[in-house]
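Accompanying notes for the structure given below.
Note that the structure is predicted; figures quoted are calculated from it, not measured. Numbering of residues begins at 1 and proceeds along the displayed sequence.
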Amino acid sequence: MLQQDSEEAAPPGHTLHAYIDVAVVVAVLAGTNLIAHFTTAWASIVTVPVAALVLLALVRRRGLGWSELGLSPRHWRRGSIYALAAVGLVLAVVAVGAMLPMTRPFFLADRYATISGALIASMIVIPLQTVIPEELAFRGVLHGTLDRVYGARGVFAAGSLLFGLWHVASSFGLTSGNRGLSGLIGGGVAGQVIGIMLAVVATAAAGVVFTWLRRRSGSLLAPIALHWSVNGAGALAAAIVWHTTLS
């Protein structure tokens with residue numbers, strides 16, 4: 001077995017080094033977001049996964065243990081139980097939402113208009129490019145550094161807010177590519193701004209739930225599973241709705 005996380009016995013408390021760790025992690029995440037969304041297409045693919053691994057290596061050298069990062073094998077069993085429950089709940093909600101006439105238009109996202117594209121996105125792109133790196137960065141690295149300085153309240157408040165702000169850049173074309181949202185809040189600059197604000201609020205709220213799962217289970221498995229089920233199952237449901245609507 002692995003070492004019993006002897007280095008994880010007690011957080012160092014409110015030290016200058018702990019505050020510096022938080023500042024460095026936040027700065028790296030901000031830079032990563034800008035590079036991923038405002039440079040090249042290749043950068044948009046590799047930047048977030050690479051940054052997550054770099055941050056993991058950095059905070060490990062700074063003394064964060066595997067349990068603080070949600071990666072200890074001791075919590076795999078509990079994390080798996082919460083993961084299965086979360087996935088089951090989301091799949092049920094997505095299935096109902098895709099069938100109801102009132103909510104079906106919100107699944108009409110242009111990027112998931114084909115079954116093959118949605119499969120590739122849900123099984124490869126979303127988990128490897130988005131879900132696992134983001135959870136490792138936010139519910140792993142950021143969670144661990146914030147917890148050492150601010151405790152649970154800081155993790156829930158600051159971590160969730162930063163997760164919401166993380167999605168500003170990715171929400172620029174949200175309303176134009178979704179018929180349900182564009183029909184609800186309109187297009188143009190005003191619709192775009194409202195769409196971004198809604199995305200930030202929604203993802204910050206999701207961050208609260210992800211953080212609760214992370215703390216409750218002690219493992220990243222649970223928030224990773226929930227995050228994937230929301231994005232991945234949503235992509236598959238969107239393709240199915242497109243297919244049945246067009247046919």
Is there a side-chain contact between Y82 and R214 (heavy atoms, below 4.5 Å)?
no

If I compare all heavy atoms of E135 with all of P223, which pair ends up nearest, and what's the gap?
OE1-CB, 3.3 Å

Give a yes or no on whether I120 and L236 share a hydrophobic cluster (residues Ile, Leu, Val, Met, Phe, Trp, Tyr; joining criterion: side-chain heavy atoms under 4.5 Å apart).
no

Just by modelled atom types, is the Q129 backbone N or O under 3.5 Å from a matching donor or acceptor in the E134 side chain?
no

Can you check side-chain contact (heavy atoms from CB on, under 4.5 Å) on T39 and L34, steps first, answer last?
CA-CA 8 Å; T39 55; L34 292 175; over 6 Å; no

Rounding to 0.5 Å, atoms CG (L84) and CG (L221) come to a distance of 10.0 Å

Could you grab the distance from atom CH2 of W212 to atom CG of L226, nearest 0.5 Å is fine?
10.5 Å

Cationic tip of R139 within the cone over F163's six-membered ring, i.e. under 6.0 Å and within 45° of the normal?
yes

To the nearest 0.5 angstrom, please state how far the CG atom of D147 sits from the CG atom of L64.
9.0 Å

Closest non-hydrogen atom pair, I115 against A239:
CD1-CB, 3.7 Å

P133 and A52 have their tightest heavy-atom pair at O-CB, 3.6 Å

Parallel, tilted or perpendicular for H227 and F210, by the 30°/60° rule?
parallel

Rounded to the nearest 0.5 angstrom, the CG-CG distance for L136 and L142 is 11.5 Å

Applying side-chain contact (heavy atoms from CB on, under 4.5 Å), run through V200 and H167 and close with a yes or a no.
CA-CA 6 Å; V200 170; H167 290 84; 5.6 Å; no

Hydrophobic cluster membership, with links at side-chain heavy-atom distances under 4.5 Å among I/L/V/M/F/W/Y: are L91 and V94 in one?
no

Quick one: pull up OG1 in T114 and CG in L119 and give me the separation to the nearest 0.5 Å.
8.5 Å

Would the distance check show the side chain of T145 and the main-chain N or O of V22 forming a donor-acceptor pair, the cut-off being under 3.5 Å?
no

Between H37 and S170, does a side-chain contact (heavy atoms from CB on, under 4.5 Å) hold up when you go through it step by step?
CA-CA 7 Å; H37 290 98; S170 62; 3.5 Å; yes

What are the two closest non-hydrogen atoms of T32 and W166, and how far apart are they?
CG2-CH2, 4.0 Å

Nearest 0.5 Å please: distance from the OG1 atom of T203 over to the CG atom of L162.
11.0 Å

Could you tell me if the side chain of L71 sits less than 4.5 Å from the side chain of L56, heavy atoms only?
yes

Report yes or no: is the cationic atom of R60 (NZ for Lys, CZ for Arg) under 6.0 Å from the centre of the six-membered ring of W66, at an angle within 45° of the ring normal?
yes

Salt bridge (charged side-chain N to carboxylate O under 4.0 Å, His left out), that's the test. Do E68 and R148 meet it? Break it down for me.
CA-CA 9 Å; E68 291 179 281; R148 283 193 164 193; 2.7 Å; yes

If you group Ile, Leu, Val, Met, Phe, Trp and Tyr by side-chain heavy-atom gaps below 4.5 Å, do Y19 and V24 land in one group?
yes

Determine, using the 4.5 Å side-chain heavy-atom cutoff (strictly less than), whether L213 and I81 are members of one ILVMFWY cluster.
no

Closest contact, heavy atoms only, S122 versus G232:
CB-O, 3.4 Å

Side chain to side chain donor-acceptor pair (under 3.5 Å) between S219 and R78: does it pass, once the steps are laid out?
CA-CA 8 Å; S219 173; R78 186 176 179 86; over 6 Å; no

For residues G154 and L146, report the shortest heavy-atom separation together with the two atoms involved.
O-CD1, 4.2 Å

Worked check of side-chain contact (heavy atoms from CB on, under 4.5 Å) between V28 and V54:
CA-CA 10 Å; V28 170; V54 169; 5.9 Å; no

Evaluate the side-chain proximity of H143 to F138: yes if any heavy-atom separation is below 4.5 Å, no if none is.
no

Do L69 and W76 land in one hydrophobic cluster if side-chain heavy atoms of ILVMFWY residues count as linked below 4.5 Å?
no

Would you say the side-chain atoms of T130 pair up with the backbone N or O of P127, donor to acceptor, closer than 3.5 Å?
no

Using only atom types and a distance under 3.5 Å, with no angle test, would you say the side chain of T15 pairs donor to acceptor with the backbone of A18?
yes

